[in-house]
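First comes the structure, then the notes that go with it.
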Amino acid sequence: MAVPILNEPTPNILEASNVEVVYNDSVVALRGVSVEVRKGGITTVLGANGAGKTTLVRTVTGLLFVHKGKIREGEIRLNGKRVNSWSSNKIVKAGVCQVPEGRMLFPTLSVEENLMVGASTRRDRGQIQDDLLRMYELFPLIADRRKANAGLLSGGEQQMVAVARSLMSNPSLLVCDELSLGLAPQITRTLFDLLRRLNTEQGVSILLIEQNARMALEYADYGYILETGRVVLDGTAASLRENEDVQEFYLGGSAEAQAAYQSIKHYKKRKRWLS
Ligand SMILES: Nc1ncnc2c1ncn2[C@@H]1O[C@H](COP(=O)(O)OP(=O)(O)O)[C@@H](O)[C@H]1O
Ligand SMILES: [Mg+2]
């Protein structure tokens, strides 16, 4: 008997197909979105404020219900399995973990206690201490602060704790929601370099949700542009970087456009000076 083609392993760890999401049965936040993350790949989803990026994160991590949202149409598949109705816990156990927008640390718990929260769904308790040490190797900056309250750390250090906490669940897919928000470019780069290492050395697949298109397209291999709940463009990161619209609207435009923008800023500054 022929082997049905459906049993072929998919090259994608995550597939969202034609997903429509509504909040409160009224606000449509995703309108037929299809996004794929290749196993071992770094995929980015770019979009301005309100485009639907966080909604996509909630959709693939089983957290829509917390926000009175639901998947009205379409499918989410993890390693080929339909997970539309899975709980967030089951999705974490299946290997998907997010670094949430705004970090969401417990400010009055120590760094180490925050990291342990990330390991709460694991059954291999014996391995957890080893992984904690591995996190301190990966993030030497937070190793020094392991007993400090997380709320006392700098923004960059907190983001490192948030990433390390997610890694403590031993994910095969890490979903990062606006990691770069509010961080200095150099700190963002340090974090993205680390994600790249996790990707190449340990094969962790990564979904980078970002407004910082310039940086994300440098690290990702494939990208999607989301505008008001729709994917308006997708392609290899290289092709997106070359695309004129992407350059104009997401990468700050050509040299001339940049110059014009700078002069407007200069003008505004001058106006402020005069007033
Ligand atoms: N809990 C919610 N209830 C109702 N509408 C929401 C909720 N969360 C987000 N939205 C709406 O969904 C759209 C997409 O929001 P969001 O996914 O947060 O975008 P982004 O992360 O790209 O800024 C926006 O119009 C936003 O107002
Ligand atoms: Mg968001």
Side-chain angles (χ1 to χ4, degrees), residues 14-37 42-76 83-85 87-88 91-92 96-105 155-156 158-159 161-163 165-166 171 173-183 185 187-188 191-192 195 206-217 219-220 222-235 237 240 245-246 248-252:
L14 176 72
E15 291 162 353
S17 336
N18 291 313
V19 171
E20 185 170 298
V21 168
V22 286
Y23 289 108
N24 303 308
D25 285 321
S26 56
V27 181
V28 186
L30 297 182
R31 303 158 188 272
V33 166
S34 297
V35 165
E36 294 175 353
V37 181
I42 303 183
T43 297
T44 186
V45 172
L46 305 169
N49 250 339
K53 301 182 299 299
T54 297
T55 301
L56 182 63
V57 175
R58 291 171 181 159
T59 306
V60 302
T61 55
L63 284 166
L64 271 177
F65 79 98
V66 177
H67 307 270
K68 298 204 168 68
K70 66 175 184 230
I71 303 175
R72 197 154 68 175
E73 283 204 41
E75 274 195 332
I76 309 293
V83 300
N84 286 41
S85 57
S87 69
S88 55
I91 289 179
V92 173
V96 180
C97 198
Q98 65 156 324
V99 183
E101 187 176 31
R103 297 155 204 154
M104 303 294 174
L105 298 179
Q158 287 192 17
Q159 195 59 285
V161 177
V163 174
R165 178 183 57 184
S166 302
L173 171 64
L174 190 66
V175 182
C176 302
D177 193 358
E178 300 220 40
L179 217 57
S180 71
L181 205 70
L183 299 183
I187 309 271
T188 303
L191 271 161
F192 279 22
L195 293 182
I206 293 171
L207 177 55
L208 270 184
I209 307 282
E210 270 297 334
Q211 279 194 56
N212 187 339
R214 187 175 294 278
M215 197 89 89
L217 287 175
Y219 286 81
Y222 201 88
Y224 296 81
I225 310 257
L226 195 61
E227 281 183 6
T228 50
R230 284 198 175 85
V231 172
V232 292
L233 191 66
D234 69 292
L240 292 178
D245 288 338
V246 175
E248 181 171 354
F249 296 108
Y250 291 91
L251 298 174

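In each ligand, atom 1 is the first atom listed, and ligand 1 is the first ligand listed. In what follows, every heavy atom counts, from backbone to side chain, and hydrogens, waters and symmetry copies are set aside. Numbering of residues begins at 1 and proceeds along the displayed sequence.
The nearest heavy-atom contact from the protein to atom 19 (O) of ligand 1 is Gly52 N, 3.1 Å. Nearest protein heavy-atom contact of atom 9 (C) of ligand 1 is Tyr23 CE1, 3.5 Å. Among protein heavy atoms, the minimum distance from atom 8 (N) of ligand 1 is reached at Arg58 NH1, 3.3 Å. At the top of the distance list for atom 15 (O) of ligand 1, counting protein heavy atoms only, stands Thr55 OG1, 3.9 Å. Summary of contacts: the protein heavy atom closest to atom 24 (C) of ligand 1 is Gly50 O, 3.9 Å.
Counting heavy atoms from C-beta on, the side chains of Leu63 and Gln98 come closer than 4.5 Å. Leu179 has its side chain out of reach of Thr188: every pair of non-hydrogen atoms, C-beta onward, lies at least 4.5 Å apart. Looking only at side-chain heavy atoms (C-beta outward), Ile209 and Thr54 stay at 4.5 Å or farther from each other. Within the 4.5 Å cutoff, the side chain of Ile76 has heavy atoms near those of the Leu14 side chain.
Under the 4.0 angstrom criterion, atom 5 (N) of ligand 1 counts as having a protein heavy-atom contact. Atom 26 (C) of ligand 1 lies below 4.0 Å from none of the non-hydrogen atoms of the protein.
Contacts between Gln211 and ligand 1 below 4.0 angstrom, taking non-hydrogen atoms only, are absent altogether.
Here the side chain of Glu73 pairs no donor or acceptor atom with the backbone of Asn18 at under 3.5 angstrom. Judged by distance alone, with hydrogens and angles left aside, the side-chain atoms of Gln159 form no donor-acceptor pair with the main-chain N or O of Ser180 at under 3.5 Å. The backbone N or O of Ser34 lies less than 3.5 Å from no partner atom in the side chain of Tyr224, so there is not a single donor-acceptor pair. The backbone N or O of Leu56 lies less than 3.5 Å from no partner atom in the side chain of Asp177, so there is not a single donor-acceptor pair.
For ligand 1, the atoms lying closer than 4.0 Å to a non-hydrogen atom of Asn49 are 23 (O). Short contacts between ligand 1 and Thr54, defined as distances under 4.0 Å to a heavy atom of the residue, involve ligand atoms 17 (O), 18 (O), 20 (P), 21 (O). Ligand 1 places these atoms under 4.0 Å from at least one heavy atom of Ala51: 19 (O), 20 (P), 22 (O). Remark: ligand 1 atoms within the under-4.0 Å shell around heavy atoms of His67 are 1 (N).
A donor atom on one side chain and an acceptor atom on the other are found under 3.5 Å apart for Thr55 and Tyr23.
Distances shorter than 4.0 angstrom occur between a heavy atom of Ala48 and an atom of ligand 1. Ligand 1 lies out of reach of Glu178, whose nearest heavy atom is not under 4.0 Å from it. Contact analysis leaves Gly47 out of contact with ligand 1, as no non-hydrogen atom separation drops below 4.0 angstrom.
Annotation: Lys53 places an N or O atom under 3.5 Å from an N or O atom of ligand 1; distance criterion only.
Tested against Leu217 for a side chain to side chain contact (heavy atoms under 4.5 Å, CB included), the candidates Thr44, Leu208, Asn212 yield a single pass: Thr44.
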Worksheet item: Between Asp25 and Lys70, does a salt bridge (charged side-chain N to carboxylate O under 4.0 Å, His left out) hold up when you go through it step by step?
Response: CA-CA 8 Å; Asp25 285 321; Lys70 66 175 184 230; 2.7 Å; yes

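When distances to the Mg ion (ligand 2) are checked against a cut-off of 2.8 Å, Thr54 contributes an N, O or S atom below that limit.
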